[in-house]
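Some notes on the structure that comes next.
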Amino acid sequence: MLQAAFARHPKIAALLAGFLSATGFAPLNLWPVALLCLAALIILVLQAPDRRAAFLRGWLFGVGHFTLGLNWIAHAFTFQDSMPHWFGYGAVVLLSLYLAVYPGFATLAAWWLRRRFALSPLAFLFLFAACWTATEFLRATLFTGFAWNPLGVVLLPTGAAIAATVIGTYGLGALVILAAGALMLAVHGQARLGGLIAAPLLLLALLGWLAPAPPTPAGAPRIRVVQPNIGQDEKYSVEAEYRNFAKLSTLSGKPRPAPRLIFWPEAAIPAYLDLEPDWRARLAGLLGPGDLLMTGADKVYFKAVEENGILVNKLAGANNSVWIVTPQATIAGRYSKAHLVPYGEYLPMRHILEPIGLSRLVPGDADFWPGPGPQSLTLPATLGRPSLKMGVQICYEIIFSGQVVDAGNRPDFLFNPSNDAWFGSWGPVQHLAQARLRALEEGIPIIRATPTGVSAVIDARGQVVRSLGLNRAGYLESGLPPALSPTLFARFGNILSVLFALLLLGAAIATRHRSR
C-alpha cells in the first residue's frame with residue numbers, strides 16, 4: 001500500500017518525507033522519524049523511471065528537509081533594519097532550493113549507476129550511502145561551504161555517533177543511510193538482510209554508551225563560563241553598554257586565590273582591546289592573580305583617506321577575534337575567525353548588492369576579514385594551574401568537520417564562543433549538537449560561551465557535562481574535562497570519510513547481483 005501511494009504521488013511523497021526528516025535534528029531529535037523518511041526516499045529513488053525523476057525526487061526531498069531544518073535563519077533578518085524582515089522566509093526557501101541540489105545529485109548518481117550496472121537493492125543501498133557521503137562533503141566545501149546539519153547529527157542521541165572518532169561526520173551520514181536502508185529492505189521482504197545491516201549499527205550504539213569520557217580529575221583547572229542573556233536588540237545599544245558590562249562582571253564572580261579560566265561570549269564587549277588600555281584595565285580589575293579572561297571583541301584596521309585635502313583615518317576592515325586578557329591588563333594572545341559567514345560578516349559582491357539596499361546582517365560599514373585558520377594559543381601557567389593550549393573556533397567555524405584543530409600543535413581544549421541570539425529556538429540547539437560532534441571527532445573537550453544560550457561544557461566524548469539553556473542569565477563552573485589521546489579521525493581527518501565511501505563502493509560491487 002505504501003509503495004503504491006509513493007508511485008501515485010512521488011513528488012508530494014518526496015517533499016513531505018524530506019520535510020519530516022528534519023525532525024530528526026535538534027530540538028525535536030526524532031531520529032526514528034528521520035530514518036523512516038530516508039527509507040521512503042530510497043524506495044522512491046528505486047521506483048524512479050528515469051534520470052530526471054531520480055534527481056527530482058532527491059531534490060524535492062532536500063527542499064523539504066532544509067526548509068524545516070533551517071527555519072531559524074529567518075529569525076536573523078528581524079535584527080537588521082537595512083534588510084527587509086520579510087525576506088528572511090524567502091532566504092530560507094532560496095537557500096533550501098540550492099542546498100537540495102546535493103541530495104538530488106546523490107539520488108541521481110546512485111540511480112544511474114544502479115541502472116548502468118544492474119545492481120541489486122542491497123548494492124544500491126551501499127552505493128547510495130557512498131554518494132550521500134560525497135555530496136554532503138561537497139556541500140560543506142563548495143562556495144565556502146555550508147555544513148549545517150549534516151545527516152550524521154541525528155545519531156547523537158543513539159550512541160552510534162561514536163563512529164565519528166573513525167569515519168568522521170560525513171561517514172556518519174552514510175551510517176544513517178544504511179540504517180534507513182535496513183528499513184527499506186524489510187519493506188522489500190528482506191528482513192534478514194536488513195537485520196544483517198542493522199546489527200553492526202546496534203553494536204556501535206552499545207559501544208557508544210559503554211565508552212564515556214574519563215571523569216574530570218579533582219585537580220583540573222577551574223573554568224567559569226558566563227552567559228549574560230543579552231539579546232541581539234541590546235547588544236549594539238550604546239545606552240545598554242554599562243548595563244551589559246555589569247551583567248558580565250557580576251556573573252564572572254569575585255576574584256579568588258585559586259586560579260580560574262573565565263570565558264565570555266563572541267563579541268562580548270564593544271572595545272578595541274589593543275587600542276584601549278582603559279578597557280584592558282577594566283577587565284583586569286575583574287581577575288584574581290592567577291585568572292585569565294577569554295573574551296570576544298573586534299580587532300579593527302584603519303586606512304588613511306584624503307577628505308578636503310586632509311588625511312583622516314577610516315575603518316577599512318575588522319577581525320572577529322577572541323582575546324586573552326591577563327590580570328596585569330596585558331594581551332596574552334589573540335585568535336581571529338577564519339571561516340566567515342557570507343552575508344553575515346561580509347557582503348559578497350558588495351558593489352552590486354549595496355546599491356540595491358542589501359547589507360550584511362552584522363551591523364557595520366566595513367566587512368570582516370578572515371584570520372589565518374586553526375591555531376593553538378598557549379595560556380601562561382600560574383600558581384596552581386599548568387600551562388595549557390587552547391584552540392578557538394568562533395561561532396559558525398565549529399560546524400566544519402576536520403577543520404577545527406591545528407593538528408601539528410594539538411590543543412588541550414577548544415573554546416567556541418558564539419552569538420546565537422540571532423537564531424531563534426532551533427538554531428542554538430542545532431549549533432550545540434554540531435559542536436558535540438567536533439568534540440567526539442577530535443577527542444577534545446569544548447567550552448561554549450554564548451550571550452543567550454546554549455552555553456555548555458562538552459567532554460571529549462561529545463557529552464554535555466554542564467549547560468545553560470536558552471534565554472537564561474547565569475554561569476557554569478566546573479573543572480576542565482580532560483582530552484583523550486588523538487582519535488583516528490584527529491590523526492587522518494576526512495580522508496577516512498573518503499576511504500569509508502570507497503569501502504561502500506566496494507561493497508556495492510561485491511553485492512551487485514545478490515537479492516535481485
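Numbers here are sequence positions counted from 1.
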Rounded at 0.5 Å granularity, tell me how far CZ in Arg436 sits from CD1 in Ile398. 13.5 Å
Is any side-chain heavy atom of Phe143 closer than 4.5 Å to a side-chain heavy atom of Leu138? no
Do Arg57 and Lys11 have side chains that approach each other closer than 4.5 Å (heavy atoms only, starting at C-beta)? no
side-chain contact (heavy atoms from CB on, under 4.5 Å) partner of Phe61, the single match among Leu44, Leu15, Leu38, Leu16: Leu38
Just wondering, do Phe400 and His339 contact through their side chains at under 4.5 Å, heavy atoms? yes
Between Trp148 and His431, ring centroids under 6.0 Å: yes
Euclidean distance, His65 NE2 relative to Phe19 CZ, rounded to 0.5 Å: 12.0 Å
Would you check if Leu379 and Phe413 make a side-chain contact, meaning some heavy-atom pair closer than 4.5 Å? yes
Under 3.5 Å, is there a donor on one side chain and an acceptor on the other for Glu441 and Thr169? yes
Please name the pair of heavy atoms, one in Ala161 and one in Leu437, separated by the smallest distance, quoted to 0.1 Å. CB-CD2, 4.5 Å
Is any side-chain heavy atom of Thr216 less than 4.5 Å from a side-chain heavy atom of Leu480? no
How many angstroms lie between atom CG of Leu125 and atom CD of Gln190, to the nearest 0.5 angstrom? 10.5 Å
Do Ser425 and Val429 come within less than 4.5 Å of each other through their side chains, counting heavy atoms only? no
Phe124 versus Leu119, closest heavy-atom pair with distance: N-CB, 4.3 Å
d(Tyr396 OH, Asn416 CG) to nearest 0.5 Å is 13.5 Å
Within a strict 4.5 Å, meaning less than it, do heavy atoms of the Tyr102 and Glu136 side chains meet? no
Going by atom types only, do Asn409 and Lys389 share a side-chain donor-acceptor pair under 3.5 Å? yes
With heavy-atom distances below 4.5 Å as the criterion, would you say the side chains of Val392 and Ile394 are in contact? yes
State, without any angle test, whether Ser336 and Ser321 hold a side-chain donor-acceptor pair at a distance under 3.5 Å. yes
Partner of Leu155 under side-chain contact (heavy atoms from CB on, under 4.5 Å), chosen from Val176, Leu204, Leu201: Val176
Straight-line distance of Leu108 CG to Cys131 SG, nearest 0.5 Å: 9.0 Å
Which residue, Tyr89, Trp426, Phe423, forms the ring pair (Phe, Tyr, Trp, His ring centres under 6.0 Å) with Trp72? Phe423
Show your reasoning for whether salt bridge (charged side-chain N to carboxylate O under 4.0 Å, His left out) applies to Asp420 and Arg448. CA-CA 11 Å; Asp420 292 353; Arg448 298 196 79 234; 3.3 Å; yes
To the nearest 0.5 angstrom, please state how far the CG atom of Leu261 sits from the CG atom of Leu388. 6.5 Å
I need the minimum non-hydrogen distance between Phe128 and Ile177, along with the two atoms involved. CD2-CG2, 3.7 Å
